[in-house]
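Values below: every heavy atom of this structure, side chains too, minus hydrogens, waters and symmetry copies. Throughout, a chain's letter reflects where its sequence line sits, starting with A, and its residues are numbered from 1.
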Protein chains: 2
Amino acid sequence: MANILERPLITITNIIWSFNQATQQIQVLLVKRAHDPFKNNWALPETFMRANESADHAALRLIKEKIGLTLAEFHTEQLATFTNQHRTTGERALSLAYMTFLPEMTPLQAGYGALDVRWFAFTPLEAAYQLSNQDCLFQTTTTTADEYYQDLPQTPSDQQLAFDHQWILTVACQRILNKLDYQPNILMILGPSFTLREARTIYAAFRKTSLTAIDNSNFKKTHQHLFLEAGTTSQLRVGRPARLYRLKPQN
Amino acid sequence: MANILERPLITITNIIWSFNQATQQIQVLLVKRAHDPFKNNWALPETFMRANESADHAALRLIKEKIGLTLAEFHTEQLATFTNQHRTTGERALSLAYMTFLPEMTPLQAGYGALDVRWFAFTPLEAAYQLSNQDCLFQTTTTTADEYYQDLPQTPSDQQLAFDHQWILTVACQRILNKLDYQPNILMILGPSFTLREARTIYAAFRKTSLTAIDNSNFKKTHQHLFLEAGTTSQLRVGRPARLYRLKPQN
DNA sequence: GCTAAAAAAGTAAAAAATACTTTTAATAAT
DNA sequence: ATTATTAAAAGTATTTTTTACTTTTTTAGC
């Protein structure tokens, strides 16, 4: 009986979000893979779960080892588990996907398994979203899960992320969008406190609209139940300094 | 390297919801375990994922084998994955939890691994929810995940569900509550079409309020963007027959 | 001090949610 | 058949929230 049970490898996939204060753009971390499969391809950071290691610990280790991040505090939450049998080419591996919201855009250092690590700018498209840097550009899909997995890329391509990472990213964006109105944890990428303008930037990106399409005055009224005033004001730009807010803790 | 990787057993746990038309109550399916650990205890239906089997297939097989259900169509969606190392006593097993919304309350038949299978009535409490039948009563928790897993029941008790199933059920209720306003898939337990009164019953239960606290006239206006008219009217009670509605399909 | 920029603060109109009443369509009793 | 009863649909006025827009405040730079 026991021999017919599946004991798959458990991949921890972590979508790491941050915010570039200089360009006011959302960033997603991608890794250039050092080993096959999908060697030389860009991918979401991944690691295999080890014996006697919790999934949370594995997600933490992933951030430290592969990317060289040493931040003390950041928020990680589970996204979903991806189990399609054709998502890997060789041995079966489930992907336990997490999202991490980094409170700052830290400098990166490629660790084991990575030829390169880069922040990619996250920007809205008409129907989807895209990740881009100077060299590459990737998009989220607009198809359904079934359609996507039917013709999964089995051979590496410069235009596509490794494995089913394009789909995982799509699910992540959908989740963030859904939670924008009742638990906007994505705002944690703005740091411990943020201005309403910064918050509106995030909302605008995921709702595929422009910053100016979201009225500051009305945004404040509609969302103040989610925020607490953080007292002091920032002084980064010309004009009247914005007040700072922080996320109201849950429960 | 490979030997230090974790290859855990994958448990598919399925929270099966349905609706008792006679009592107008929400039902959850529990199984009395035939084997250790937690032999003779009530638990959520579970099965191990097999080699070359998709998670979806395992969830389907679980419904057929353990419970004897032979319905043609039902909706299954992923809830979350539970990875705590202490959630099982023996060999490590991750729980890939799903929710199934059955369109009718079918008769049950205990299959392999089950001494008994029963529908439990799901009712709201002040702060939590409870499952009950003539003999037993279980509650969802009100603590956090960390607190819950710190003193997990390792020894069977008549008052508690097996493993961490009390916690899994709590997460399920929270998820359904969160999705009530934008994707109320739980309404699928009412069948292909439903009356507004039935829909209000579901909303009332998960919001821990009474049916009469949700005004029919206003409920219709506020939620019609989620529903489509299903034409015909039902004739089950005295009084003006209610119109039927169905869930508006996504996208 | 004056001007420009950017956010806060305020305000009136529009829209939506709520509480409540009336009408309609069925059953069951007379 | 007529009437009472039930329950839902439909309608309505009040309240509340959202939206679009205007004014004021607070800073930086000249």
Atom [atom1] of [X] to atom [atom2] of [N]: distance rounded to whole Å?
| X | N | atom1 | atom2 | result |
| --- | --- | --- | --- | --- |
| A:Lys220 | C:dA7 | NZ | P | 12 Å |
| A:Asn216 | D:dT19 | CG | P | 14 Å |
| B:Gln224 | C:dA16 | CD | C1' | 12 Å |
| B:Asp215 | D:dA10 | CG | P | 14 Å |
| B:Leu244 | C:dA26 | CG | C1' | 15 Å |
| A:Phe219 | D:dC21 | CZ | C1' | 19 Å |
| B:His223 | C:dA16 | NE2 | P | 15 Å |
| A:Ile214 | C:dA7 | CD1 | C1' | 16 Å |

TODO: Return yes when atom NZ of B:Lys248 has more than 12 non-hydrogen atoms of other residues, nucleotides or ligands closer than 6.0 Å, and no otherwise.
DONE: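 Yes, enclosed.
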Task: Atom CD of B:Gln109: over 12 foreign heavy atoms under 6.0 Å - done: no
TODO: May I ask you to verify if any side-chain N or O of B:Arg243 is less than 4.0 angstrom from the OP1 or OP2 atom of D:dA10?
DONE: yes
Open item on the list: Can you tell me if A:Arg197 touches the phosphate of C:dA6, counting only side-chain N or O atoms and a distance under 4.0 Å to OP1 or OP2?
Closed with: no
- [ ] Please confirm whether B:Phe219 and B:Tyr203 have ring centers closer than 6.0 angstrom.
- [x]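 Yes: the rings meet the under 6.0 Å criterion.
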- [ ] Please state whether the base of D:dT16 and the side chain of A:Lys221 form at least one donor-acceptor pair under 3.5 Å?
- [x] no
- [ ] Would you mind telling me which residue lines up with the more 5' stretch of DNA chain C, B:Thr222 or A:Asn218, judged by nearest nucleotide?
- [x] A:Asn218
Open item on the list: Classify the ring geometry of A:Tyr129 against A:Phe122: parallel below 30°, tilted from 30° to 60°, perpendicular beyond 60°.
Closed with: parallel
Open item on the list: Parallel, tilted or perpendicular: which one describes the rings of B:His75 and B:Phe101, with boundaries at 30° and 60°?
Closed with: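 Answer is parallel, since the angle falls under 30°.
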TODO: Output the single nucleotide from D:dA9, D:dT26, C:dC20 whose closest atom is nearest the side chain of B:Leu196.
DONE: D:dA9
- [ ] Check every atom of D:dA10, D:dC21, C:dA7 against the side chain of B:Ser217 and return the nucleotide holding the closest atom.
- [x]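 Within the option list, the nearest is D:dA10.
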